[in-house]
Number of protein chains: 2
Amino acid sequence: MATECLDKKQTIDLRKKFIGPSCKVFFSHDPLKIVRARGQYMYDENGQQYLDCINNVAHVGHSHPTVVRAGTQQMELLNTNSRFLHDNLVLYAERLQATLPDPLSVCYFVNSGSEANDLALRLAWQYTGHRDVITLNNAYHGHVSSLIDISPYKFHQLSDDEHKQSVHVAPSPDVYRGKFRADHPDPALAYSDEVRDIITRAHKRGGKIAAFIAESLQSCGGQVVPPAGYFQKVAAHVRAAGGVVIADEVQVGFGRVGSHFWGFQLQGEDFVPDIVTMGKPIGNGHPMSCVVTTREVAQAFMAAGMEYFNTFGGNPVSCAIGLAVLDVIQNEDLQGNALRVGAHLSRLLGGLKETHPLVGDVRGPGLFVGVELVRDRVKLTPATAEAQEVIYKLKEQHILLSADGPHRNVLKIKPPMCFSREDAERVVEKIHLVLSGRAAGAQSPGHRPRHRLESAGLETSNSSGSAKETNSLCLLTNKKRYYFP
Amino acid sequence: MATECLDKKQTIDLRKKFIGPSCKVFFSHDPLKIVRARGQYMYDENGQQYLDCINNVAHVGHSHPTVVRAGTQQMELLNTNSRFLHDNLVLYAERLQATLPDPLSVCYFVNSGSEANDLALRLAWQYTGHRDVITLNNAYHGHVSSLIDISPYKFHQLSDDEHKQSVHVAPSPDVYRGKFRADHPDPALAYSDEVRDIITRAHKRGGKIAAFIAESLQSCGGQVVPPAGYFQKVAAHVRAAGGVVIADEVQVGFGRVGSHFWGFQLQGEDFVPDIVTMGKPIGNGHPMSCVVTTREVAQAFMAAGMEYFNTFGGNPVSCAIGLAVLDVIQNEDLQGNALRVGAHLSRLLGGLKETHPLVGDVRGPGLFVGVELVRDRVKLTPATAEAQEVIYKLKEQHILLSADGPHRNVLKIKPPMCFSREDAERVVEKIHLVLSGRAAGAQSPGHRPRHRLESAGLETSNSSGSAKETNSLCLLTNKKRYYFP
């Protein structure tokens, strides 16, 4: 198969002609045409390599041969629906269950994180007989209509009368920018009390709580790490109201957080969700997803009498690919790699914070790290345009990064899990150069070349420079020029 | 890869342990374990071959080498999201558009028929600014919560208070069993007048019509073929009310109807839906789907300002597979095959109707054929148990068929499109033998072996037998014995 049939302009023109204009490309002013990828590297039509810090879907590395082989061999044999018995389905379910606390034992296979979260809602509604859902501010849970309803990241763009009365938005447990911050004596308690108060108000209006849903760590919502103990306290309130807790692991599961296989496990062994949804990394890009719940919830769903059938969900090819992904995570110790490289990356990024006032916060476990850019470390004024500029400048340096969060000012680092120490050093060095206005091609005249960032950490490389000079940053965006001290 | 790792009992036990009990298997009393498939044949763990008349997903034939090769080669190169430019996405969209009337020109790629229909609703809601949806009785449009709401096939199982006020159910345009039948002077007009009346009643209650949604031919709803002109008349009413028409082609598209590439085209060139949804056969089992709409609808959706992003939708592997499926349909003239073999199949099945009073109706174009079994051709008493028994007896004859429709009495024949004349003759002969109580192993003592069904048609083979003797049928089901004259 040819890697490129059309020249880039033709591709762009056909895209404009035939693809929904709501479907955006990265770097819309000068989008990338990627024709090949391997491991943590992507290649454009000219063979230019890019370091991929974005694709948490290509979990075990782009085009991993073990995964490709598993998919190919199963496609050659059989690909049909789960109304026939097949070993791959049950072997995969068994393997997946082994990564979870015992009560989470019943699997439903679907095709996307959106299908998973929608099914999680259906399970919750059926099990509890209740309807109301509590979601976190800035949350994103998927693109189907039921999930737009519970995704403030999306529905904040709608008019007020399109908001559902049965959906309640709790503050995001963000200890950097949120209602209760790191200086609060017990932010976990304070944020969970907010959920308790929402339940009380819902009850007064006659509402009944079906579910609390949250990403174990908020991704699109700004790379938010909930304070330890938060989910336990929330779960107590929600379960007392007859509801269930749904942990959305679509972005963060499968070892990415390094210390654990699942993000919710960061909260401690005493927290077990009632429903866990999985997606993106599960098939390394192959469309598959899963919902796992307890026997009790599954029985209640069945007792309603409605069959659940998903045409593609749990087909032998998807499950073969899922098994191969689990094999690679284990055989290549990618969870351990996420822990080690993630710690190194976070330490280096912490150095950036020392050097660049624009870097307000560095947070996140393993290879799920956010760098929040602010214009003022006290007021926390979001450095939105600057974040966009950093992203574009990094692209010029052949590093792919994105910015997200409600203010689009959080650089998100969530690369394939084979990301190396050297990759971490390279991305941090390039961020440093961009922030210093010294990246090649950056429009910051007057800066003389400086010594290369030492892999030992930024502290060293900047200890001798004057703060003013080192940190001054000039950014051009939307025809405006921004200067930062 | 071994085709079987577990013995069948282990597979069943693990399935009970780890897979949601709402997920049903075919032939639940004695499910099939299928380990391999090719073309129109599936093979169980003992190498027993089954003729597959069920899998309309394995559209160009199970494990088609062209499709497998396309998927493999692209997996080896790149599989990432549509935020990067890629030729496969735009080339596939261009190829798909070429099969559709010109106004249907903007594509959105998703992962399943459910995601497609949910997005179709979102497009309709946004474009019209209205909320109400008209759906057909017995319709099934998918498993996500928004689609359960518009799927009477599913929501009839719910309590009344779970039905949405904004969803209106029009009679299924079924000219065999429906409100207006073949003897009606103008069933298309009569059924479309029902939609007009629903719109009038909705308006009186303050409702505003966003969409009318229907499968171009109802599948789960009982293999219903709408009378010609029905959709044109409905579209006129719906558009006059400011709504759009959604044609759900998830089950019937991609040449299955033989004479046309899309089911809606059976209604004539003067009918063009505003939105078409596609699914099952599009990737020959690979999870992919598509929504195609007009530039106007797409622009209105974009104007709302909300990005549409689907993680897996339109990835290079899915599109490579989609392109290969289109290639095979064209290169192997599978649409022509559906037309020719479908006509032969329908003629043979028509012969069954002459011979077996249980066969009330044979209907459907191409390789999308339904055989409705009734106990009484005047009262149309559904022969539900008998249909189940036929299905089980055919399984013993190594033929896979299912029964569906609101009464589960319609045998559905929707095989891979490489189905041959000989396959058609085989399945009809076996149905004939089962209905005659003469299938090997059938519990119908007293029947002597008869001459083999001639491939020329059943009329011949039964012309000499006494009607009583030929047609008497004895079925055992649920410990009851049914006799039919």
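- Heavy-atom distances place the side chain of B:R122, and not its backbone, under 4.5 Å from chain A.
- A donor-acceptor contact shorter than 3.5 Å is absent between the side chain of A:Q299 and the backbone of A:E296.
- If you tally non-hydrogen atom pairs under 4.5 Å between each of A:K17, A:R295, A:M288 and chain B, the highest count goes to A:R295.
- Both the backbone and the side chain of A:E94 come within contact range of chain B, judged by heavy atoms closer than 4.5 Å.
- With a threshold of 4.5 angstrom between heavy atoms, B:N310 approaches chain A through its backbone and through its side chain.
- Neither the backbone nor the side chain of A:T293 comes within contact range of chain B, judged by heavy atoms closer than 4.5 Å.
- When the candidates A:V106, A:L89, A:V250, A:D118 are compared by the number of heavy-atom contacts under 4.5 Å with chain B, A:D118 comes out ahead.
- In this structure, the side chain of B:K164 does not engage the main chain of B:I150 through any donor-acceptor pair within 3.5 Å.
- Taking A:V57, A:L91, A:L96 one by one and counting their heavy-atom pairs under 4.5 Å with chain B, the maximum is reached by A:L91.
- Heavy-atom distances place the side chain of B:F109, and not its backbone, under 4.5 Å from chain A.
- Between chain A and the options B:V25, B:V90, B:T72, B:L85, the largest number of non-hydrogen pairs under 4.5 Å is found for B:L85.
- Counting heavy-atom pairs under 4.5 Å between each of B:N55, B:L32, B:V67, B:V291 and chain A puts B:L32 at the top.
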With ring pair (Phe, Tyr, Trp, His ring centres under 6.0 Å) as the criterion, how do A:H64 and A:H59 come out once you've worked through the C-alpha distance, each side chain's angles and the decisive distance to 0.1 Å? CA-CA 9 Å; A:H64 196 292; A:H59 193 63; over 10 Å; no
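- Annotation: maximal heavy-atom pairing with chain B below 4.5 Å, among A:D52, A:T311, A:I19, occurs at A:I19.
- Look at B:K395 and B:D30 and you find a salt bridge, because one of the NZ, NE, NH1 or NH2 atoms lies within 4.0 Å of a carboxylate O, short of that distance.
- Contacts of B:V317 with chain A are absent, with no heavy-atom separation under 4.5 Å from either backbone or side chain.
- A 4.5 Å side-chain heavy-atom check between A:L400 and B:F84 finds at least one atom pair inside the cut-off.
- Chain A forms the most heavy-atom pairs under 4.5 Å with one residue out of B:P287, B:G313, B:G113, B:G314, and that residue is B:P287.
- Comparing A:A37, A:S146, A:S145 by heavy-atom pairs within less than 4.5 Å of chain B, the highest count is held by A:S145.
- The aromatic rings of A:Y108 and A:F301 sit perpendicular, their planes meeting at an angle over 60°, well past the 30° parallel limit.
- With a 4.5 angstrom heavy-atom cutoff, A:N111 touches chain B via backbone and side-chain atoms both.
- Taking both residues in full, the closest heavy atoms of A:A116 and A:S289 are given as CB-CB, 4.3 Å, listed atom of the first, atom of the second, then distance.
- Within the 4.5 Å cutoff, side-chain heavy atoms of B:Y140 are placed close to those of B:K154.
- Contact of B:Y92 with chain A is not made at all, since no heavy-atom distance falls under 4.5 Å.
- Contact of A:S402 with chain B is not made at all, since no heavy-atom distance falls under 4.5 Å.
- Residue contact with chain A, scored on non-hydrogen atoms closer than 4.5 Å, involves the backbone and the side chain of B:E76 alike.
- Of the listed residues B:S114, B:P316, B:P65, B:S82, the one with more heavy-atom pairs under 4.5 angstrom with chain A than any other is B:S82.
- Two residues are said to be in side-chain contact when any heavy atoms from C-beta on lie closer than 4.5 Å; A:T294 and A:Y127 fail this criterion.
- A heavy-atom distance below 4.5 Å is found between the side chains of B:D87 and A:K33.
- Residues B:S63 and A:L77 share a closest heavy-atom pair of OG-O, 3.3 Å.
- Between chain A and the residues B:A93, B:A58, B:G279, B:G283, the largest count of heavy-atom pairs under 4.5 Å involves B:A93.
- For B:A298, the parts lying near chain A are the backbone and the side chain together; criterion is any non-hydrogen pair under 4.5 Å.
- Only the side chain of A:T80 comes within contact range of chain B, with heavy atoms under 4.5 Å apart.
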Where do A:H143 and B:Y308 land on the ring pair (Phe, Tyr, Trp, His ring centres under 6.0 Å) test, with the steps shown first? CA-CA 7 Å; A:H143 54 71; B:Y308 182 79; 5.3 Å; yes
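- Salt bridge annotation for B:K9-B:D13: present, with a cationic side-chain nitrogen under 4.0 angstrom from a carboxylate oxygen.
- Neither the backbone nor the side chain of B:L147 comes within contact range of chain A; no heavy atom of the residue lies under 4.5 Å from a heavy atom of that chain.
- Checked by atom type and distance alone, the side chain of A:N117 never pairs as donor or acceptor with a backbone atom of A:G142 at under 3.5 Å.
- The side-chain contact (heavy atoms from CB on, under 4.5 Å) test with B:P416 singles out one residue from B:H62, B:M42, B:R38, and that residue is B:H62.
- Residue A:L119: no heavy atom, backbone or side chain, is found under 4.5 Å from chain B.
- Ranked by heavy-atom pairs under 4.5 Å with chain B, the first of A:D44, A:V292, A:L14 is A:L14.
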